[in-house]
Amino acid sequence: MTGSRTAARPADARAAKGAATVPDPDAAPVNPVLRIPPAPPAVAAAHFAAALAFHADVSDVAAALADHRERGAEPGFQLVDSRSTAAWDQAHVPGAVHLPTALVPERAERLLDRAVPVVTYCWGPGCNGGTRAALALAELGYQVKEMLGGIEYWIREGFAVETRRGGRRRTAPDPLTAPTAAADCGC
C-alpha cells in the first residue's frame, strides 16, 4: 500500500453528505500507520485508561504475588486460571485458583471472595479463555481484570510455575519477551 493517497474530495455535492469520495490525485502519500489518523489526546487518554482498568501485566501480577510471599502483604486480588484440568496440571501460576471458564457460573461463589478483585488468565495472547472467564465473572458481579499474555508469557518471562509434579522455573527469561539485564522493562 506504499504510496496510497488518503486525501479525498467529494465526487459531487452528495459526497459531502456521506456519499462516496474519490481519491485526490494531488494528495501526498500517507503510510499505512497514519492512513487512519491518531485519536485526539483526550480520546486516547480515555481509551488507554479504560484498557488499564481491564488488563494487568504479567510482570505486575508477578511482583504483587512476590511481595505477598516475601512480606506477607496482601496482593489485593485473586488470580484465576481459567484453563482445563489437563492444562492446569501441565503448569499454572503458584497461588492461582483453578476455575475453568465453563464452570464459572456454578463454582465462582464457592471459590472466590466477591469483595476481592479477580485477575483471570488462560494460555496466552492467542487464546481468549481468560477474556471469556472475565466476562462470566463480571456478569456475576465480580470486579475483574485479565492478565495479558496468560501462562505463556508468565513462563516466557521466567516466573515459577507449579505442575502436577511440583514447581518449575525457566532457567532464564525468553530474551525476546522479557528483559534479561533488569528486573523489569522500565515501563
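Excluded from the calculations below are hydrogen atoms, water molecules and symmetry mates; all remaining heavy atoms, backbone and side chain alike, are included. Note that the structure is a prediction, hence the values are computed from the model and not measured.
- The hydrophobic cluster analysis finds Val43 isolated: no Ile, Leu, Val, Met, Phe, Trp or Tyr side chain comes under 4.5 Å of it, directly or through other members.
- Taking Glu139 as the reference, nothing meets the salt bridge (charged side-chain N to carboxylate O under 4.0 Å, His left out) condition, with sequence neighbours excluded.
- Side-chain heavy atoms closer than 4.5 Å link hydrophobic residues (I, L, V, M, F, W, Y) into clusters, and following such links, even through other members, never connects Val119 to Leu135.
- Heavy-atom minimum distance, Gly95 versus Glu162: N-OE1, 4.5 Å.
- Evaluation of the ring-ring contact (aromatic ring centres under 6.0 Å, His included) test over residues 94-134, restricted to residues two or more places apart or in two chains, returns Trp88-His98.
- Between Leu79 and Val93, the shortest heavy-atom contact is CD2-CG1, 3.4 Å.
- The shortest heavy-atom contact between Ala39 and Ala44 is CB-N, 4.2 Å.
- For the atom pair Ser59 OG and Tyr153 OH, the distance stands at 12.0 Å (nearest 0.5 Å).
- Across all their heavy atoms, Gly130 and Thr120 have their closest contact at O-OG1, 2.8 Å.
- Residue pairs that meet the ring-ring contact (aromatic ring centres under 6.0 Å, His included) test with at least one member in residues 24-64, sequence neighbours left out, do not exist here.
- Pairing each heavy atom of Ala133 with each of Thr101, the nearest pair is CB-OG1, 3.5 Å.
- Residue Cys122 holds its SG atom at 6.0 Å from CD of Glu146, rounded to the nearest 0.5 Å.
- Contact annotation: the side chain of Pro117 never approaches that of Lys145 to less than 4.5 Å [non-hydrogen atoms, C-beta and beyond].
- Legend: residues meeting side-chain contact (heavy atoms from CB on, under 4.5 Å) with Asn128, ordered by chain and number and at least two apart, are Thr131, Arg132.
- Side-chain atoms of Gln90 and Thr163 include no donor-acceptor pair closer than 3.5 Å.
- A distance of 5.0 Å separates CG of Leu65 from CH2 of Trp154, quoted to the nearest 0.5 Å.
- Using a 4.5 Å cut-off between side-chain heavy atoms of Ile, Leu, Val, Met, Phe, Trp and Tyr, Val118 falls into a hydrophobic cluster with Val80, Val97, Leu99, Leu103, Val104, Leu111, Leu112, Leu137, Leu140, Tyr142, Val144.
- The two residues Pro75 and His68 come nearest to each other via the heavy atoms CD-ND1, 3.3 Å.
- Contact of the Gln78 side chain with the Asp113 side chain is registered, since non-hydrogen atoms from C-beta on lie closer than 4.5 Å.
- To the nearest 0.5 Å, atom NE2 of residue His92 and atom CD1 of residue Ile151 are 8.5 Å apart.
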